[in-house]
> 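Below is one structure. I have some questions about it.
Below, all heavy atoms of this structure are taken into account, side chains as well, without hydrogens, waters or symmetry copies. Whatever order the structure lists ligands and atoms in, that order sets their numbers, starting from 1.
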Amino acid sequence: MTLAYRGRGTALAVEHKREKDLVSEADVAVERFLVEQIRQRYPQHAIFGEESGSHDGTSTRWLIDPIDGTTSFVRGQPHYSVSIAVEQAGKTTLAAVYAPALGELYLAERGRGATLNGDPIHVSSRHSLSDSVLATGFACIRRNSAYTNVPFLTRLLPQILDVRRYGSAAVDLGYVASGRLEGFWELDLKPYDVAAGFLVVEEAGGRCSDFAGGRQRRYRQVLATNGHIHDQVVAVFADVRRELAAQGLHEP
Ligand code: 2AM
Ligand code: CA
């Protein structure tokens with residue numbers, strides 16, 4: 001479905017939801033399709049979608065991002081995905097991240113591991129920051145934003161091998177889970193961007209936290225790694241967080 005829309009390229013109708021926040025016809029159509037399918041099979045479940053908000057239901061909740069990486073999608077770039085998580089009693093139990101243009105489907109079930117196109121996946125075994133490649137993103141940056149990712153990038157970049165910016169948090173998390181990246185970090189994401197990817201990473205042996213290594217703010221401050229480099233990144237970020245706090249900036 002997303003590939004069919006992608007074939008229409010620049011003919012797609014694209015709107016700006018908020019500053020820098022794109023939504024195409026395809027986002028709306030894919031979400032409508034997913035909500036209908038879930039509603040038919042599980043009429044009692046709650047659904048929280050990026051484009052349509054909350055649909056009421058019981059203690060089982062679906063978090064859906066019809067197209068994560070809309071900017072890449074509307075520019076004909078392959079790093080976008082459909083991200084679906086199922087949450088029971090507040091915990092993600094099932095996750096799917098499908099990247100059609102990459103031909104990749106990541107799946108995870110709590111306690112039962114993660115797979116890529118059916119094959120089990122595991123995070124990378126690299127332990128040193130100097131060997132590590134991490135992805136990031138800049139969804140946090142608006143014209144007036146004061147607390148941004150830039151100082152974190154500036155401080156981390158000299159210590160790692162390189163950085164990537166693919167544009168879909170869900171795909172970035174799939175890359176951490178499959179060992180292609182040692183980590184991913186970003187500020188100010190939403191639960192539907194990362195809920196599925198978090199479970200994929202954790203079931204592949206990795207670790208997901210906020211910038212301080214805890215779980216409290218882990219949607220607004222996303223740090224996911226292979227686990228081996230996690231504390232080293234948290235230590236670098238601690239210096240930056242201290243300096244930003246000293247400037248009177250409040251963390252998200
Ligand atoms: P999206 O394409 O579904 O909006 C890229 O940096 C990542 O940030 C993508 O996962 C993208 O998801 C997300 N993103 C972009 N703008 C955002 C916003 N305003 N709020 C939260 N997440 C955003
Ligand atoms: Ca998203």
> May I ask you to check whether Glu186 has an N/O atom sitting below 3.5 Å from an N/O atom of ligand 1?
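Yes, at least one N or O pair falls under 3.5 Å.
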
> Counting only heavy atoms closer than 4.0 Å, does ligand 1 sit against the backbone of Arg165, its side chain, both, or neither?
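The answer is the side chain.
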
> Before we go on, tell me: are the rings of Phe211 and Phe152 under 6.0 Å apart, centre to centre?
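Phe211 vs Phe152: aromatic centres under 6.0 Å.
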
> Working note: Thr92 + Glu87, criterion side chain to side chain donor-acceptor pair (under 3.5 Å); need CA distance, chi angles, decisive distance, verdict.
CA-CA 4 Å; Thr92 305; Glu87 201 182 77; 4.7 Å; no

> Measure from atom 13 (C) of ligand 1 to every heavy atom in Val194, Ile67, Leu189, Asp27 and give the option owning the shortest one.
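Comparing heavy atoms across Val194, Ile67, Leu189, Asp27, the nearest one to atom 13 (C) of ligand 1 lies in Leu189.
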
> Is the backbone N or O of Ala95 less than 3.5 Å from a side-chain atom of Glu109, with the two atoms forming a donor-acceptor pair by type?
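Absent.
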
> So for ligand 1, is Ser168 a polar contact partner (N or O within less than 3.5 Å, distance only)?
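Ser168 vs ligand 1: no N/O contact under 3.5 Å.
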
> Nearest 10°: the angle subtended at the Ca ion (ligand 2) by Asp68 OD1 and Asp193 OD1?
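So the angle at the metal works out to 100°.
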
> With no hydrogens and no angle check, is any side-chain donor or acceptor of Asp27 less than 3.5 Å from a backbone partner on Pro66?
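Checked: no pair found.
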
> Below 4.0 angstrom from a heavy atom of Asp65, which ligand 1 atoms are there? Numbered from 1 as shown, please.
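That gives atoms 3 (O) of ligand 1.
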
> For Ala169, take its heavy atoms, then give the atoms of ligand 1 lying under 4.0 Å from any of them.
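Per the distance check, 9 (C), 10 (O).
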
> Judged by modelled atom types alone, do Ser209 and His230 share a side-chain donor-acceptor pair under 3.5 Å?
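On atom types as modelled, these side chains qualify, holding a pair under 3.5 Å.
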
> Under 3.5 Å between some N or O of ligand 1 and some N or O of Gly167?
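No, Gly167 has no N/O under 3.5 Å of an N/O on ligand 1.
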
> What atoms in ligand 1 come closer than 4.0 Å to a heavy atom of Asp188?
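Answer, ordered by atom number: 21 (C).
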
> Between Thr136 and Asn149, does the side chain to side chain donor-acceptor pair (under 3.5 Å) criterion hold? Intermediate values first, please.
CA-CA 9 Å; Thr136 188; Asn149 199 6; 2.7 Å; yes

> Restricting to N, O or S atoms, which atom of Asp65 is closest to the Ca ion (ligand 2)?
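Asp65's closest N, O or S atom to the Ca ion (ligand 2) is named OD2.
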
> Less than 3.5 Å apart, any donor N or O on the side chain of Asp193 or Ser83 sitting next to an acceptor on the other?
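Distance-only check fails for Asp193 and Ser83.
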
> Which ligand 1 atoms are under 4.0 Å away from a heavy-atom of Glu50?
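Within the 4.0 Å cut-off of Glu50, ligand 1 contributes 3 (O), 4 (O).
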
> Is the Phe184 to Tyr175 ring centre distance short of 6.0 Å?
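Ring centroids of Phe184 and Tyr175 are no less than 6.0 Å from each other.
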
> With backbone taken as N, CA, C and O and side chain as the heavy atoms from C-beta onward, which portion of Thr70 lies under 4.0 Å from ligand 1: side chain, backbone, both, or neither?
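It is both backbone and side chain that touch ligand 1.
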
> List every atom of ligand 1 that sits less than 4.0 Å from any heavy atom of Lys190, numbering the atoms from 1 in the order shown and giving each element.
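Every atom of ligand 1 under 4.0 Å from some heavy atom of Lys190: 20 (N), 21 (C).
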
> Are the side chains of Ile47 and Val35 in contact, using a 4.5 Å heavy-atom criterion?
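Touching, per the 4.5 Å side-chain cut-off.
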
> Just jot down the ligand 1 atoms closer than 4.0 angstrom to any heavy atom of Asp193, in number order.
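What qualifies from ligand 1 is 3 (O), 12 (O), 21 (C), 22 (N).
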
> Below the 3.5 angstrom mark, is there an N/O of Gly137, backbone or side chain, next to an N/O of ligand 1?
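For ligand 1, there is no N or O atom that lies under 3.5 Å from one belonging to Gly137.
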
> Going by the order shown, which atoms of ligand 1 are within less than 4.0 Å of some heavy atom of Gly69?
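Heavy-atom distances to Gly69 below 4.0 Å select 1 (P), 2 (O), 3 (O), 12 (O).
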
> Side-chain donor-acceptor pair under 3.5 Å between Glu104 and Tyr106, yes or no?
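Glu104 vs Tyr106: donor-acceptor pair found between side chains.
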
